[in-house]
Amino acid sequence: YWRGDGTEVDLEKARFWMGKVADRGDPQAKEMLGWIIASQKAKKWFEKSAQQNNAVGLASLGEFYERGWGDAPVDFQKATELYQKAADQNYAWAQERLGYLYFNGIGVEKDLAKAFAMAQKASDLGSPSAQLALGSLYYTGKVPENKKTSDPRKPSYRKKDFQKAFAWTLKSAEGGYKDAQYNVAILYWRGDGTEVDLEKARFWMGKVADRGDPQAKEMLGWIIASQK
C-alpha cells in the first residue's frame, strides 16, 4: 500500500496494517510506521525545500523518488537529478546515494569512476557509511587509476590496497557504524591491512555482539576460541 505495488498507493491502509504489527512490539514495524506517517506529511515540505535549492530537501525528495515512498513513483532519473543538486552543495549523504546509483547503474549509466569519486567526497566529509563503502572499494580493487582510458566509464583499476581498506573501515567503525565495526574486527582477526590483533578484534566484534547481532555473537566465539 505504501509503495503502490499491485495496488494504488493508500497511506491510510499502509498505516493501519503496519500499526497492527507495531502494536505487537516489532521494532522494525515501529520504524516503518514512523516512515509511513512521515511520508503522509513530509513530501510536500521536502518539495518546498527543494524548490529553494536546500541540500537536505533535495536529497530527501530524491530518496522518495528512489524508493517510491508515499505517492512518489519510483523514478531513478529524477532521484539522480535531485541527489546531484544536493551533492554539488557538498551534502555527504547525497554524494553517497549518488555513488551507489553510479556503482550499480541505477537510473544512470554505470560509471565506477564517478561512484568512487562520490564515495571519496562523502568519506572526506565524515560519512561513516561512505567510509565503509570506500574501504570496500580498496579491499576489492575497484579503485580507478588516475589515467585516461578509451572509455572513461570503464577505467583501469589499481591493485587491492588492504592498508587503505583497513584505514577507511576503522574510521567508519570509530564513527559508530555497526557494519564497519564487524568488518574491522575481521580485518584485525585475519591481519588484512594491519597486524593480527586478537584483542582489538574481540573489542570491535564485542561492540556488535552487544547490540544483539547473532552473527557477531558467533564470530566473537570464534575470536575468543582462537586466543586459546
Side-chain angles (χ1 to χ4, degrees), residues 1-46 49 56-57 59-74 76 79 83 86 91-97 99-101 103-104 106 119 122-123 126-136 169-187 189 201-224:
Y1 277 121
W2 189 37
R3 292 177 173 170
D5 290 347
T7 185
E8 292 184 3
V9 170
D10 191 323
L11 298 182
E12 284 301 326
K13 287 182 179 177
R15 184 173 177 173
F16 171 78
W17 288 111
M18 194 61 74
K20 281 188 169 290
V21 187
D23 286 343
R24 295 182 183 181
D26 186 284
Q28 190 174 1
K30 290 176 181 177
E31 179 186 352
M32 286 304 303
L33 182 60
W35 281 109
I36 292 169
I37 293 170
S39 67
Q40 290 180 295
K41 301 176 181 179
K43 181 171 172 281
K44 70 174 183 180
W45 292 109
F46 288 144
S49 179
V56 177
S60 298
L61 187 60
E63 188 169 19
F64 266 75
Y65 282 104
E66 181 189 352
R67 303 186 187 280
W69 284 346
D71 62 353
V74 173
F76 293 119
Y83 285 145
Y91 187 44
W93 182 69
Q95 292 168 339
E96 183 182 343
R97 294 309 307 158
Y100 172 83
L101 296 178
F103 185 82
N104 293 285
I106 301 173
S123 295
S127 167
S129 50
Q131 289 166 348
L132 176 59
L134 188 60
S136 298
T169 304
L170 180 60
K171 270 185 178 292
S172 178
E174 290 171 343
Y177 199 53
K178 186 180 81 168
D179 290 350
Q181 292 173 342
Y182 183 95
N183 285 6
V184 83
I186 297 296
L187 295 177
W189 190 39
R202 183 173 179 173
F203 169 79
W204 286 110
M205 194 62 74
K207 280 188 169 290
V208 187
D210 287 345
R211 296 186 186 186
D213 187 288
Q215 189 174 0
K217 290 178 181 179
E218 179 184 352
M219 285 306 305
L220 182 60
W222 281 108
I223 292 169
I224 291 172

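Small disclaimer: the values here were computed from a predicted structure and weren't measured.
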I224 side chain near L220 side chain, heavy-atom distance below 4.5 Å: yes
Does the side chain of F16 reach to within under 4.5 Å of the side chain of Y1, using non-hydrogen atoms? no
Nearest heavy-atom pair of [X] and [Y]: which atoms, and what distance?
X: G135; Y: T169; answer: CA-OG1, 4.1 Å
X: A122; Y: A92; answer: CB-O, 3.5 Å
X: I36; Y: M18; answer: CD1-CB, 3.8 Å
X: A216; Y: V208; answer: CB-CG1, 3.6 Å
X: A59; Y: A94; answer: CB-CB, 4.0 Å
X: A130; Y: A119; answer: CB-O, 4.1 Å

About how many Å separate [atom2] of [Y] and [atom1] of [X], when rounded to the nearest 0.5 Å?
X: N183; Y: S136; atom1: CG; atom2: OG; answer: 6.5 Å
X: Y83; Y: F76; atom1: OH; atom2: CZ; answer: 9.5 Å
X: K217; Y: D210; atom1: NZ; atom2: CG; answer: 9.0 Å
X: S60; Y: K43; atom1: OG; atom2: NZ; answer: 13.0 Å
X: D10; Y: R15; atom1: CG; atom2: CZ; answer: 12.5 Å

Closer than 3.5 angstrom, by distance alone: can the side chain of [X] be matched with the main-chain N or O of [Y] as a donor-acceptor pair?
X: Q181; Y: A173; answer: yes
X: S49; Y: W45; answer: no
X: Y182; Y: K207; answer: no

Atom CZ of R24: over 12 foreign heavy atoms under 6.0 Å: no
Can you name the residues that form a side chain to side chain donor-acceptor pair (under 3.5 Å) with W93, not counting sequence neighbours? none
Please report the C-alpha distance between Y177 and Q131 in whole Å, then the side-chain angles of each, then the deciding distance to 0.1 Å, and finally whether the side-chain hydrogen bond (donor to acceptor under 3.5 Å, both in side chains) criterion is met. CA-CA 10 Å; Y177 199 53; Q131 289 166 348; over 6 Å; no
Test side-chain contact (heavy atoms from CB on, under 4.5 Å) on T7 and K13; report intermediate values, then the result. CA-CA 11 Å; T7 185; K13 287 182 179 177; over 6 Å; no
